[in-house]
Amino acid sequence: MDSTRNIDPQAENKMIDDAFQEVIDGYLRSNHRKKVEIIYRAYQFAKEAHKGVRRRSGEPYILHPIAVAKIASQEIGLGSTSICASLLHDVVEDTDYTVEDIERHFGPKIAQLVEGLTKISGGIFGDRASAQAENFRKLLLTMSEDIRVVLIKMADRLHNMRTLGSMAPNKQYKIAGETLYIYAPLAHRLGLFEIKTELEDLSFKYEHPAAYRRISEQIQQSEARRSAVYSDFSLPIKQKLDELGLKYEAKARLKSVYSIWKKMETKHVPFEEVYDLYAMRIVFECDDPAKEKTLCWNIYSAITDLYRLHPDRTRDWISAPKANGYQALHLTVMGPDGNWIEVQIRSRRMDEIAEKGFAAHWRYKIGEGDEESELNAWLRTIKDILDNPEPSAIDFLDTLKLNLFASEIVVFTPKGELLTLPSGVTVLDVAFALHTELGLHCIAGKVNHKLVPLSHRLSSGDQVEVLDSKSQVPQPEWENFVVTAKAKTRLKAGLRKMRQPLINKGKEILAAWLAEKGLPDTNAVITKLQGTFHVGNRDDLCYQLGAEEIVLGDFLVGTLRKAVAAENEHRSSGLLSRVLSLGRFVTGRQNQSQPAKTAVQKPKINPKEVYVLRTDPETGKPNYRIDNCCNPLPGDDVMGYIDDDGGLTVHALTCPRAQVLKAGYGPRIVATRWDTVGVRFPARVHIEGVDRFGILQELILLISSYMGIDIRKLNIESRDEVFECEFWVRVADASIVDNLVDKISSVKGVTNAARIK
């Protein structure tokens with residue numbers, strides 16, 4: 001790891017200069033204006049500023065900003081201003097130089113980018129949930145000031161992921177989880193497809209190393225067979241395209257390791273049954289953008305003359321580009337081996353935009369074109385979340401995640417205006433997308449000229465008209481069916497605004513009543529009132545008081561006085577124990593003959609060390625809790641999370657809750673190792689198949705007698721000659737369940753068997 005520490009200083013200096021020269025060589029090959037002198041100055045400035053500093057891996061720190069500059073230039077396609085900002089991005093954060101120093105040496109534009117990067121340094125998230133959400137708001141706000149800040153931040157994160165191996169396991173989980181939860185969706189939304197794919201694969205590699213190795217090996221082993229199938233499929237297409245006189249490049253595009261694994265997990269299929277392992281991509285040359293659409297459809301026509309088309313899987317993103325600027329024509333046809341194969345058709349311009357996102361637009365457009373307008377529209381949506389932030393950081397992240405990762409549909413207004421929205425949207429979402437006031441006062445919609453309720457879910461291509469009324473006010477139940485981040489935040493703001501007068505009235509009623517009864521306004525009193533009236537927080541309590549839905553009466557006084565007394569007693573005992581402990585400390589050895597009883601405290605968990613999950617052989621109590629949201633087994637990839645009470649809860653790394661915790665509570669994440677010999681855990685298996693006489697008896701015999709597994713519960717349902725079965729067993733580890741599933745899959749009539757996680 002630290003081999004670079006022993007390199008001769010002269011050789012090390014040459015290594016640094018060679019790395020920087022690669023940045024310059026790539027920049028000179030680009031079609032950006034050649035402003036080499038300022039890049040050299042930025043390099044020398046950064047090199048001097050970081051002199052003598054090393055990364056955790058042992059290499060000189062300056063190699064990191066050089067690598068970030070190389071990614072920003074050669075993989076994202078940014079120019080000299082961004083290269084300089086990349087080289088300088090850690091100078092203000094890590095050295096004594098200020099933003100003013102950067103501005104004096106390199107001008108206001110580079111200084112502005114460095115300042116934006118400094119604001120969001122150290123990853124998106126800090127130690128506390130509120131700080132995490134706040135830091136992420138800063139990241140998003142910088143996007144609207146200059147999108148290059150976030151593009152350089154992407155390059156920074158990508159290099160950190162490429163060098164993650166030198167970090168401690170709990171840091172790897174935190175950074176990989178944060179990357180998969182926020183940065184990969186953000187890269188996807190910005191059109192940085194290559195970077196999004198690599199971020200996902202690297203996160204997967206560190207979270208599930210065994211699965212990553214296994215799938216990588218399976219890809220390698222199946223390469224010869226895949227190449228043969230692709231060759232048979234592509235040869236007739238290439239001959240047709242040659243006849244059309246097109247200049248093009250055709251290649252097989254392999255699914256990423258993470259995408260393959262995700263499909264295996266969600267569809268419960270083995271690697272061999274992931275048939276869409278690759279897609280064919282055709283990239284053609286065309287100097288005239290006006291002819292691109294015609295050429296795409298000519299190629300489409302040539303392919304469908306050769307192969308049978310899947311009617312439901314044609315995607316025209318040329319006429320209606322995605323919100324991130326992506327344009328292409330996708331079709332799916334039946335290959336010679338009987339499996340469906342996707343073909344992606346793009347011009348060279350579309351291909352560059354697909355791989356490098358909005359940075360590539362700057363190569364083709366001067367000023368603001370349609371795609372940049374799309375980006376600004378998306379950024380405005382993001383700002384809607386910022387203007388009305390959720391009180392909970394996790395809710396805020398979830399709302400944002402929804403907006404980042406949503407697949408899209410296109411709908412039309414009666415005037416023909418095109419709206420790109422997340423799939424699953426309702427009429428109410430469209431109302432808020434058009435205008436906040438329209439959303440707050442809408443009563444129904446017309447979809448394709450037919451009257452529908454606000455909760456009606458839309459499909460791509462629908463024409464939507466929103467009907468409103470001045471007498472309409474927002475309803476709390478609307479929160480159950482809005483989808484977009486803008487609609488959620490604006491609706492909540494509208495409901496809050498509507499409730500506020502009643503909340504204020506309720507606060508006055510509560511304060512006057514407490515004063516009249518001589519009761520203090522403390523946590524104990526308010527908590528007891530919330531419990532009595534079954535409300536979640538103080539605002540809800542005051543709202544119901546103001547709306548006269550509840551009334552404070554004398555029957556509450558006795559209970560509340562007991563709560564106050566208990567709270568005072570608790571405080572007194574706490575103070576007394578502190579005084580006594582101080583007295584014991586002062587008197588020292590004098591009281592050794594009568595040692596004081598001390599409360600048993602949980603041992604403090606060190607997140608920097610690997611925590612061993614074990615069960616006490618005498619008491620049978622584990623030193624951890626398993627969360628019922630995912631029910632992991634020994635052998636699963638898991639992580640620990642330190643709870644508020646200092647205990648450790650175990651989650652599977654694939655658990656949605658774990659993804660939020662990794663992204664939001666990094667310092668509480670702990671790497672773990674199973675040591676649970678002799679302990680049994682619950683597991684659940686789902687089976688589907690064709691019903692036949694005796695199949696249930698055969699399955700039970702296989703599980704309980706042949707394999708000696710303890711069945712705890714079984715549900716089976718048969719209809720129309722097919723059956724579904726779910727059973728719960730107790731096992732020592734995940735490998736036993738995997739073996740069980742393999743054995744069940746071989747039973748005649750069983751079509752699918754999988755462990756439900």
Side-chain angles (χ1 to χ4, degrees), residues 189 293 296-297 300 304 309-332 370 373-374 377-378 380-382 384-385 388 398-399 401-495 497-498:
R189 214 64 171 83
K293 190 173 180 179
C296 281
W297 286 106
Y300 171 94
T304 52
L309 177 73
H310 192 303
D312 300 325
R313 283 167 64 178
T314 298
R315 301 286 181 266
D316 176 10
W317 282 307
I318 303 167
S319 307
K322 287 189 178 185
N324 61 13
Y326 181 85
Q327 285 183 284
L329 182 59
H330 290 198
L331 65 152
T332 302
D370 294 340
S373 297
E374 284 284 358
W378 178 68
R380 282 196 297 276
T381 304
I382 290 293
D384 281 325
I385 309 174
N388 298 282
D398 280 342
T399 304
K401 171 83 170 181
L402 172 85
N403 211 61
L404 285 176
F405 228 171
S407 53
E408 294 159 343
I409 64 167
V410 175
V411 298
F412 299 90
T413 67
K415 293 180 180 177
E417 183 188 347
L418 184 146
L419 296 173
T420 304
L421 296 163
S423 59
V425 292
T426 61
V427 171
L428 186 57
D429 289 297
V430 172
F432 276 108
L434 293 169
H435 197 281
T436 301
E437 287 302 309
L438 184 61
L440 294 173
H441 298 293
C442 62
I443 52 172
K446 279 187 178 178
V447 174
N448 305 324
H449 308 291
K450 182 182 173 185
L451 193 66
V452 295
L454 293 176
S455 57
H456 179 83
R457 305 229 171 251
L458 302 170
S459 302
S460 211
D462 281 346
Q463 187 194 67
V464 187
E465 181 184 351
V466 178
L467 308 177
D468 66 326
S469 166
K470 289 296 176 191
S471 61
Q472 175 70 297
V473 292
Q475 303 298 319
E477 57 268 24
W478 289 2
E479 292 187 83
N480 298 329
F481 55 80
V482 287
V483 169
T484 63
K486 178 174 182 177
K488 281 175 180 284
T489 51
R490 292 294 168 91
L491 175 58
K492 285 193 175 179
L495 289 169
K497 187 177 178 183
M498 212 175 70

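What's counted below: heavy atoms across the whole structure, side chains too, no hydrogens, waters or symmetry copies.
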Q.
With rounding to the nearest 0.5 angstrom, report the NZ to CD distance, Lys446 to Glu465.
A. 5.5 Å

Q.
Let me confirm one number: the CZ-CG distance from Phe412 to Leu458, rounded to the nearest 0.5 Å.
A. 12.5 Å

Q.
Rounded at 0.5 Å granularity, tell me how far OH in Tyr300 sits from CG in Asp316.
A. 9.5 Å

Q: Say whether, by atom type as modelled, one donor and one acceptor occur between the side chain of Gln327 and the main chain of Pro321 under 3.5 angstrom.
A: no

(Q) To the nearest 0.5 Å, what is the distance between CD1 on Ile318 and NE2 on His330? (A) 9.0 Å

(Q) Nearest 0.5 angstrom please: Ile443 CD1 to Leu454 CG, how far? (A) 8.5 Å

Q) Where is the tightest heavy-atom contact between Cys296 and Leu329, given as atom of each residue plus distance? A) O-CD2, 3.7 Å

Q | Between CZ on residue Arg315 and OG1 on residue Thr332, distance to nearest 0.5 Å | A | 7.5 Å

Q.
Quick check on side chain to side chain contact (heavy atoms under 4.5 Å, CB included): which of Val466, Leu419, Val464 does Thr413 satisfy it with?
A. Leu419

In residues 426-440, what donor-acceptor pairs under 3.5 Å come from side-chain atoms, sequence neighbours left out?
unit_1 : atom_1 : unit_2 : atom_2 : d
Thr426 : OG1    : Leu428 : N      : 3.4
Thr426 : OG1    : Asp429 : N      : 3.4
Thr426 : OG1    : Asp429 : OD2    : 3.0
Asp429 : OD1    : Val483 : N      : 2.9
Asp429 : OD1    : Thr484 : N      : 2.9
Asp429 : OD1    : Thr484 : OG1    : 3.1
Asp429 : OD2    : Thr426 : N      : 2.9
Asp429 : OD2    : Val483 : N      : 3.1
His435 : ND1    : Glu437 : N      : 3.1
Thr436 : OG1    : Arg490 : NH1    : 2.2
Glu437 : OE1    : His441 : NE2    : 3.3

Tabulate below the donor-acceptor pairs under 3.5 Å that side-chain atoms of residues 473-480 make, not counting sequence neighbours, or state none.
unit_1 : atom_1 : unit_2 : atom_2 : d
Gln475 : NE2    : Val473 : O      : 2.9
Asn480 : ND2    : Glu477 : O      : 3.4

